Amino acid sequence: MEAAITPQTSAILATHVFGNPCAAQEIAAVAAKHKLRVIYDAAHAFGTSYQGRSVLHQGDISTLSFHSTKLFHTVEGGALITHDADLANKIAHMRNFGFHGPEAFQGVGINGKNSEFHAAMGLCNLKYIRQILARRQQLSEAYHDMLKPLRIGKPFLHPNAGFNYAYYPVLFESEAVLLKMVKALHGVYVYPRRYFYPSLETLSYVKPGQQMTISSDIASRVLCLPLYHDLSMEEVKMICRAILRAERY
């Protein structure tokens, strides 16, 4: 990260992937040294903690997604978290067209407001969030126990973090093995997601440049298994049986 900083750099943007927090302490030290802002993509990190506090305490801004696929959702939308009052005021104007009263503007803005419907859905879900987090942990631990015989990689969880079990990603030995597992799961009407696939540098609108070999390799081999609050243990067992059976053939 530090090697990429130039005189034009104004901020560090980092992502808490799959709910697993970044090395925020180290990032903060680099930012302080170079007088940079830190912005976290915390779309996956609702309910994640870092060093005993919410991970949203880290950095200057954290962005949250409340899309319907997230463990806490408002159907659609999200949030920006900051402890800087001036920055919060600026963001509040930016999300509402830049309006500063009926006939005044305070800078450029967008229409980034959530509706009352989204707020109502969020409030309905919020009272169940502890149950949701506990259930996702239970299901994730069941996957972990049942898939122990399988040759797969899993994320290394940050030792100072409280994980939110937002996803259950697994890393196969090769894309060929992944495709075999996907086919086996489709055979029992289970549809896992190839999350963060394809690797972004392969998209048509990205200018050709340096090959992102690590990103391309991981993107081709990573698969998220089904994980949601209403998933039953019997379904987890069926998914694991299908995967383990496919590995033997």
Side-chain angles (χ1 to χ4, degrees), residues 1 4-19 21-22 24 27-28 30-51 53-133 136 162 164 166-167 195-196 200 203-207 228-229:
M1 181 189 297
I5 294 172
T6 74
Q8 285 72 47
T9 304
S10 58
I12 296 169
L13 174 61
T15 305
H16 303 305
V17 180
F18 296 129
C22 299
I27 290 171
V30 173
K33 178 180 176 181
H34 296 275
K35 296 181 173 59
L36 300 174
R37 294 277 200 172
V38 179
I39 302 169
Y40 280 110
D41 177 346
H44 292 181
F46 187 96
T48 294
S49 65
Y50 179 83
Q51 294 183 332
R53 305 174 76 197
S54 168
V55 75
L56 303 177
H57 283 282
Q58 301 299 322
D60 296 283
I61 299 177
S62 292
T63 66
L64 285 168
S65 170
F66 296 155
H67 184 260
S68 56
T69 59
K70 298 300 184 287
L71 61 84
F72 169 76
H73 77 91
T74 61
V75 179
E76 187 55 278
L80 292 171
I81 309 297
T82 180
H83 297 285
D84 184 325
D86 292 335
L87 197 52
N89 183 58
K90 182 178 180 180
I91 290 167
H93 285 87
M94 288 174 67
R95 74 181 181 199
N96 189 29
F97 299 108
F99 277 127
H100 187 60
E103 298 177 355
F105 285 86
Q106 184 173 308
V108 178
I110 62 169
N111 183 10
K113 306 182 299 296
N114 287 348
S115 71
E116 287 82 356
F117 171 79
H118 295 101
M121 177 59 77
L123 289 171
C124 288
N125 287 328
L126 190 59
K127 63 183 178 182
Y128 299 112
I129 193 62
R130 293 189 186 279
Q131 298 173 35
I132 291 169
L133 291 167
R136 296 177 83 96
N164 65 355
Y167 300 88
Y195 216 116
F196 297 126
L200 291 183
L203 300 182
S204 60
Y205 54 79
V206 177
K207 292 180 181 180
Y228 52 93
H229 181 254

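Residue indices begin at 1 and follow the sequence shown. The structure displayed is predicted, hence computed values, not measured ones. Only this structure's heavy atoms are used, side chains among them; waters, hydrogens and symmetry mates stay out.
The minimum heavy-atom distance linking V30 with M1 is given by the pair CG1-SD, 4.4 Å. Closest approach of L56 and S62 over heavy atoms only: CD2-CB, 3.7 Å. In plain terms, the two heavy atoms of A11 and I39 that are nearest each other are CB-CD1, 4.4 Å. In terms of heavy atoms, H118 sits closest to S115 at ND1-OG, 2.6 Å. Closest non-hydrogen pair, A14 versus C22, comes out as CB-SG, 3.9 Å. Of all non-hydrogen atoms in A31 and V38, the two that sit nearest each other are CB-CG2, 3.4 Å.
Using modelled atom types, one side-chain atom of T6 and one backbone atom of Q8 make a donor-acceptor pair closer than 3.5 Å. Proximity of a side-chain donor or acceptor of T74 to a complementary backbone N or O of G122 within less than 3.5 Å is not detected.
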When the side chains of residues 76-85 are checked against the rest of the protein, which donor-acceptor pairs come out under 3.5 Å, sequence neighbours left out?
{"unit_1": "T82", "atom_1": "OG1", "unit_2": "D60", "atom_2": "O", "d": "2.8"}
{"unit_1": "T82", "atom_1": "OG1", "unit_2": "D84", "atom_2": "N", "d": "3.1"}
{"unit_1": "H83", "atom_1": "NE2", "unit_2": "H57", "atom_2": "ND1", "d": "3.4"}
{"unit_1": "D84", "atom_1": "OD1", "unit_2": "D86", "atom_2": "N", "d": "3.0"}
{"unit_1": "D84", "atom_1": "OD1", "unit_2": "L87", "atom_2": "N", "d": "3.1"}

- From CA spacing to verdict: side-chain contact (heavy atoms from CB on, under 4.5 Å), N164, V55: CA-CA 11 Å; N164 65 355; V55 75; over 6 Å; no
Exercise. Step by step, work out the side-chain contact (heavy atoms from CB on, under 4.5 Å) result for H16 and T48.
Key: CA-CA 9 Å; H16 303 305; T48 294; over 6 Å; no
Dump the intermediate steps for side-chain contact (heavy atoms from CB on, under 4.5 Å) on N125 and H73, then the final yes or no.
CA-CA 7 Å; N125 287 328; H73 77 91; 3.2 Å; yes
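Ring geometry for H93 versus H100: interplanar angle of 30 to 60°, hence tilted. Between F46 and F72, the ring planes are parallel. Angles under 30° get that label, and only those over 60° would be called perpendicular.
Residue T9 holds its OG1 atom at 9.0 Å from NE2 of H34, rounded to the nearest 0.5 Å. The CG atom of L13 sits 10.0 Å away from atom OH of Y40, with the distance rounded to the nearest 0.5 Å. For the atom pair CG of L71 and CZ of F66, the computed distance is 10.0 Å after rounding to the nearest 0.5 Å.
Remark: F105 CZ is packed, more than 12 non-hydrogen atoms of other residues, nucleotides or ligands lying under 6.0 Å away. The 12-atom threshold is exceeded at NZ of K70, counting heavy atoms of other residues, nucleotides or ligands nearer than 6.0 Å. Residue K35 qualifies as open at atom NZ: its count of foreign heavy atoms under 6.0 Å is 12 or below.
The side-chain heavy atoms of Q106 and N89, taken from C-beta on, include a pair separated by under 4.5 Å.
Close placement of the H44 and Y167 rings is indicated, their centers lying within 6.0 Å of each other.
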